[in-house]
Amino acid sequence: MKLPIIGFALAMVLGVVLRGAEQNSTATLVLVGGTIYTANPAQPKAEALAIAGDRILRVGTRQEIEALRGSSTRVVDLAGATVVPGLEDAHGHVASLGIGLSQVDLTDTPDIAHIASLVAARAAQTSAGRWIEGFGWDQNRWPVKTWPTAADLDAVSDNHPVALQRVDGHAVWVNSRAMRLAGITKTTPDPPGGRLIRDASGAPTGVLVDGAQSLVERVTPTPTPEELDASILAADRELSRVGLTMVHDAGATSTTIAAYQRLVAARRLNTRLYVMISNSPDTTREWFARGPLVDPSQRLNVRAVKMFADGALGSRGAALLADYSDEPGNRGLLVTPPEALEGTTKAAAQAGFQPCTHAIGDRANREMLDIYARVEGEVPGMRALRPRIEHAQILASSDVPRFAALGVIASMQPTHCTSDMPWAPARLGASRAADEAYVWQKLLKSGARLAAGSDFPVERPDPLPGFYAAITRQDKAGQPPDGWAPDQRLTRDEALAAFTIGAAYAAHAERDLGSLEAGKLADFVVLSRDIMTAPPAEILTTTVLDTVVGGVRVYGASNSPLGTSR
Ligand SMILES: [Zn+2]
């Protein structure tokens with residue numbers, strides 16, 4: 001009588017075991033028929049990929065992977081497409097990208113009349129009295145290269161205040177209604193560090209330069225929580241579209257972080273975020289007291305702080321050890337006193353936050369390496385936080401080996417190099433430009449770790465032009481012929497690593513992200529061409545076919561392999 005029961009129990013046990021085994025070894029999704037690059041040096045290339053749920057089950061030959069098929073496994077034929085790990089941007093500004101997407105885009109506009117027509121079109125869709133904001137104009141591209149005026153906008157925007165930021169963010173062009181709201185009149189003095197463009201009578205004409213922009217910023221509306229959420233979601237869609245699965249947000253306030261938390265809790269955000277908190281007193285006080293937010297699912301980590309050591313090279317604000325070659329007597333500026341940077345670094349390290357500091361000039365970089373070295377001597381665990389320097393553009397040769405020696409990550413933007421190369425030699429002089437600028441290979445050869453990004457929206461967020469810039473150091477027309485300082489170009493493997501596993505390491509996430517390996521999260525991108533072998537120019541016309549985050553497709557082009565099932 002007992003035997004059947006034992007048999008039944010045995011069958012139950014076996015069933016559970018078998019179902020468990022089935023779950024562990026059966027793929028939900030299998031990719032075959034393409035070329036798969038893993039960013040894993042132990043197995044850099046593979047024929048096929050198996051995914052179970054949100055994790056990678058196996059990377060291997062077609063035969064090995066097809067053995068993992070079950071009755072409900074979806075099999076996708078890549079039809080010759082290329083798969084790379086989910087691309088990661090180690091330095092971008094997500095909310096700014098989103099806010100920019102809702103503004104009038106004036107990039108590359110050829111003249112004032114064209115801009116006026118774009119503003120008129122936006123005014124027609126905007127209720128009266130609401131602000132119209134835009135960005136990206138550059139009078140150097142126009143037939144007449146003088147400053148525009150409020151009058152140029154008044155005719156098309158009588159009912160709306162208008163504020164249009166110049167391409168470099170250093171000037172804003174407003175209409176008369178905006179000037180009235182800002183209280184700008186003939187008697188308004190130039191604020192410190194700023195200037196109002198005026199006519200012969202001294203009346204402001206509608207362009208506010210540098211610090212004078214604050215006169216208008218005071219009266220433009222701050223986004224409501226709903227508007228902020230909508231901006232972040234717009235940025236999220238754009239990031240998925242260009243093939244990014246994770247972004248390091250380089251400086252978010254408590255307000256923005258609260259929006260990220262809302263959206264992640266509601267499962268509305270597809271891009272994984274690694275957040276550096278802004279170094280503003282309110283934000284650091286709050287977050288250093290509560291401690292880092294560490295998310296094992298890698299959706300939203302808040303465990304870094306963003307500081308600023310100096311300005312930028314273009315505006316001669318980067319802090320240099322010697323004079324600017326095109327402005328003797330000027331060595332740029334440290335925008336935060338070194339004592340304050342050291343204080344914040346120490347407080348961050350004690351609270352368990354990774355210090356990340358914007359440093360562009362060789363002096364700013366040296367100051368930060370000195371500060372990181374001192375804090376490492378004072379706070380146990382500082383090194384384990386993986387301190388970072390953001391940009392690290394100009395480095396004295398003697399400072400290069402200190403990155404590896406101190407365990408400091410160089411977080412660099414390949415497209416900054418190619419955007420800056422037309423004028424950087426003028427700022428730095430030929431020898432400094434050749435020896436010290438964007439020295440990716442020198443850093444790698446010294447043993448330093450690189451993480452790549454774009455600094456969007458300063459540059460486009462698309463990682464493929466970043467990959468192209470990293471391997472060519474050429475502009476999009478292929479100039480200069482061998483690339484600028486070609487000995488500093490990255491190989492394709494190095495560039496792919498910087499945009500994947502290097503960025504994951506910089507976010508303490510290399511166990512889960514950054515390469516295609518069994519057990520890691522299933523983040524990957526399907527590309528129309530093989531960027532590891534294609535002629536460089538073809539990388540610029542390569543398109544993202546699918547973006548997958550945690551096994552879920554978050555973007556698909558109309559001709560995507562994952563969109564068509566078999
Ligand atoms: Zn930035």
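Residue numbers start at 1 and run along the sequence shown. On a predicted model such as this, the values are computed, not experimentally measured, just so you know. Order of listing sets the numbers, starting from 1, for every ligand and every atom in it.
- At a cut-off of 2.8 Å, H358 does not coordinate the Zn ion (ligand 1) through any N, O or S atom.
- The atom of H93 nearest to the Zn ion (ligand 1) is NE2, with the search restricted to N, O or S atoms.
- Residue D455: an N/O/S atom is found under 2.8 Å from the Zn ion (ligand 1).
- A salt bridge links D370 to R402: at least one charged side-chain nitrogen sits closer than 4.0 Å to a carboxylate oxygen.
- For a distance bound of 2.8 Å, the N, O or S atoms of H91 include one lying that close to the Zn ion (ligand 1).
- Taking the six-membered ring where tryptophan is involved, the planes of F353 and W287 are perpendicular, since the angle between them exceeds 60° and thus also 30°.
- For the pair R473 and Y438, the NZ or CZ position fails the cation-pi test of under 6.0 Å to the six-membered ring centre and within 45 degrees of the ring normal.
- Relative orientation of the Y274 and H508 rings is tilted, given thresholds of 30° and 60° on the angle between their planes.
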